[in-house]
Amino acid sequence: MDLAEVDVIVLGAGIVGVTTALNLRQHGASVALIDRGHPGDETSGANAGIVAGNGLCPIALPSGAAVWLDILLKQSTAYTVALSTLVRLAPWIRAYLQNSGPEGIQRFVRVMAPLRAAARAEHQRLGRLANAQRFYRNSGWLQLHRSEASLMRAERERHYARIYGIDYQTLRGGEMHEVEPAVRSDRFFGVYWPDCDSVSNPAGLTEGLWREFIQGGGLFLNGDANRLERRRSRWVLPTPRTEVRGREVVAALGPWTPAFARARGDLFPVAFGRGYAQHFRPGSGVTLKRPVTDMDHGFTLTPMERGIRLTSGVEVADPADPINSQVLHRARKRAQDVFPLGQDLPVPPVMGTREALPDSLPVVGASATQRGLWYNFGHGGHGLALGPVCSRQLADLMAGNDPAVSANALTPLRFA
């Protein structure tokens with residue numbers, strides 16, 4: 001078997017792992033990137049493609065008896081969850097609610113505001129580096145609310161947007177036709193966020209950044225992260241053709257990171273949410289210019305290279321649970337209220353799994369128990385948007401530099 005000696009082994013080739021490897025190469029480290037499949041194949045290719053300038057508040061849990069009745073009766077489009085799963089997640093939900101009080105929200109905003117401010121710039125920097133600017137569109141993002149009460153429930157996000165100088169426009173009925181003529185919005189309320197980019201092919205973007213990593217001297221191998229072991233002062237990972245050895249390891253395995261970490265003594269309280277995506281070809285002369293999200297029913301419609309992508313609400317389920325085709329079916333029925341989807345494209349539906357911590361913040365930094373082990377995961381549904389800027393933070397930390405945006409609040413030590 002061949003032998004490869006590197007400075008850092010990066011586990012996981014989604015958008016987070018690829019940008020981590022790319023940033024480490026820019027810091028002068030030799031890097032081996034390991035994944036069981038092709039870069040960008042899984043969750044990184046199954047999202048709504050939004051790089052948002054807003055998003056300063058954690059997502060509020062569902063509230064109200066009628067809402068929860070819909071969820072438990074499997075009538076909700078925004079959330080799908082079994083009662084047994086809710087019982088199992090009770091400690092996580094309790095911790096999430098504790099972090100959702102006024103102090104927790106203030107803490108989240110103080111951390112998230114500078115991250116969001118830096119995220120779009122970091123995307124553009126990497127896009128130029130990899131000659132991948134073609135995937136980005138300065139499109140803005142339209143959020144729909146089906147009632148004035150729904151609009152008011154989201155006021156907290158707009159409150160902090162005003163504080164941090166993030167532009168938005170509140171729209172009513174026919175005003176939304178000026179932003180998106182094809183959206184059936186006469187009965188809705190809307191919020192338009194102009195300082196957002198959309199990505200026309202998230203998997204293609206991830207692959208483009210991966211190719212830049214390879215062309216810059218990086219090594220990519222297929223392999224199983226669970227075979228990683230510690231031998232004296234080195235981390236060792238045998239792959240089918242090459243044994244890789246490195247001084248340091250970064251676990252950027254997305255929803256598979258917590259199990260990997262648990263086997264090495266690091267415990268993270270996580271909940272998992274799955275989302276589904278399907279592509280449609282709208283009728284002649286009907287199109288979208290930007291992502292449109294139904295804030296009451298949880299789905300998003302995004303124009304992409306392959307027609308219109310519909311992404312569903314959240315199914316709270318473990319990564320290994322059977323696929324639930326009803327989630328996408330319910331989302332499609334609701335989406336027809338908003339936009340004429342047209343015909344299915346001959347592209348199989350895809351599913352992505354996201355992991356979330358109870359404080360809604362990602363984990364970026366060194367292991368509490370293992371020397372030379374680092375983590376970059378927990379971005380929730382914002383891995384595409386925040387992955388590159390968090391990866392740059394981690395590369396700075398590993399190089400002994402102060403990150404441009406402080407990473408202190410993201411340390412794994414907060415769960416030690």
Side-chain angles (χ1 to χ4, degrees), residues 1-46 126 129-132 201-264 266 319-320 348 350-353 367 370-377 383 387-388 391 394-395 398-399:
M1 179 180 288
D2 294 338
L3 175 65
E5 289 270 5
V6 295
D7 296 321
V8 187
I9 303 170
V10 176
L11 304 174
I15 186 71
V16 177
V18 168
T19 54
T20 297
L22 189 52
N23 273 293
L24 287 167
R25 282 292 302 142
Q26 290 191 295
H27 281 66
S30 56
V31 182
L33 178 64
I34 311 294
D35 197 282
R36 62 187 178 186
H38 189 72
D41 266 1
E42 298 186 13
T43 302
S44 293
L126 291 178
L129 177 70
N131 194 27
N201 184 342
L205 171 63
T206 302
E207 183 174 26
L209 296 171
W210 167 70
R211 291 188 183 281
E212 175 63 27
F213 165 72
I214 297 298
Q215 290 169 6
L219 174 66
F220 175 76
L221 295 166
N222 288 124
D224 181 358
N226 292 314
R227 298 187 66 188
L228 181 78
E229 59 183 63
R230 184 81 177 181
R231 295 182 193 166
R232 297 182 181 177
S233 62
R234 287 286 186 273
W235 292 100
V236 179
L237 178 63
T239 70
R241 295 185 178 182
T242 305
E243 182 175 271
V244 185
R245 298 178 184 176
R247 292 184 295 104
E248 297 180 289
V249 169
V250 177
L253 296 161
W256 292 272
T257 310
F260 171 90
R262 189 184 311 117
R264 287 151 186 84
D266 290 315
V350 291
M351 182 190 74
T353 304
S367 162
Q370 298 283 332
R371 181 167 51 88
L373 175 59
W374 302 76
Y375 293 107
N376 190 2
F377 79 104
S391 297
L394 183 63
M398 294 176 69

Is F260 close to L228 at the side-chain level, that is, under 4.5 Å between some pair of heavy atoms? yes
Can you list the residues that meet the ring pair (Phe, Tyr, Trp, His ring centres under 6.0 Å) rule with Y375, with sequence neighbours excluded? F268
If I compare all heavy atoms of G383 with all of P388, which pair ends up nearest, and what's the gap? O-CD, 4.2 Å
Side chain to side chain, E243 and V236, heavy atoms closer than 4.5 Å: yes
For the side chain of D35 and the backbone of N222, is there at least one donor-acceptor N/O pair under 3.5 Å apart? no
Atom pair CD1 (I15) and OG1 (T206), whose distance is rounded to the nearest 0.5 Å: 4.0 Å
Sequence neighbours left out, what passes side chain to side chain contact (heavy atoms under 4.5 Å, CB included) with A132? Give chain and number order. A130, F135, L205
Pair N23-S391, side-chain donor/acceptor within less than 3.5 Å: no
Does atom CZ of R230 have more than 12 heavy-atom neighbours from other groups under 6.0 Å away? yes
Quick one: side chain to side chain contact (heavy atoms under 4.5 Å, CB included) partners of R232, sequence neighbours excluded? none
Holding to salt bridge (Lys or Arg N to Asp or Glu O under 4.0 Å), I want the full list of residues that pass it with D224, two or more places apart in sequence or in another chain. none
In this structure, CG of L129 is separated from CD of Q215 (nearest 0.5 Å) by 10.0 Å
Just wondering, do M398 and E248 contact through their side chains at under 4.5 Å, heavy atoms? yes
Look at the side chain of R25 and the backbone N and O of G216, then say whether any donor-acceptor pair between them is shorter than 3.5 Å. yes
Please check if the side chain of S30 supplies one atom and the backbone of D7 the other of a donor-acceptor pair under 3.5 Å. yes
Which atom names give the shortest non-hydrogen contact between L209 and L22, and what distance separates them? O-CD2, 4.0 Å
Nearest heavy atoms of P255 and P319, plus distance in Å: CB-CG, 4.1 Å
H38: which residues meet the side chain to side chain contact (heavy atoms under 4.5 Å, CB included) condition with it, sequence neighbours left out? D41, E207, W210
If we ignore hydrogens and angles and just use 3.5 Å, is the side chain of T43 paired with the main-chain N or O of T353 as donor and acceptor? yes
Euclidean distance, F213 CZ relative to L24 CG, rounded to 0.5 Å: 8.5 Å
R234/E5 salt bridge by N-O under 4.0 Å criterion: yes
Work out which heavy atom in A13 is nearest to a heavy atom in F220; give both atom names and the distance. CB-CE1, 4.1 Å
Does the side chain of W235 reach to within under 4.5 Å of the side chain of L373, using non-hydrogen atoms? yes
Given side chains that start at C-beta, do those of I34 and L221 come closer than 4.5 Å, heavy atoms only? yes
Tell me every residue that passes side-chain hydrogen bond (donor to acceptor under 3.5 Å, both in side chains) with Q26, counting only those two or more places apart in sequence or in another chain. R125
Please name the pair of heavy atoms, one in G45 and one in V350, separated by the smallest distance, quoted to 0.1 Å. O-CG2, 4.5 Å
I want to check something: taking the side chain as every heavy atom from C-beta on, are L237 and L11 in contact at a cut-off of under 4.5 Å? yes
Working to the nearest 0.5 Å, report the span between CG of N376 and CG of L253. 10.5 Å
Heavy atoms only: give me the nearest T19-V16 pair and the separation to one decimal. OG1-O, 3.2 Å
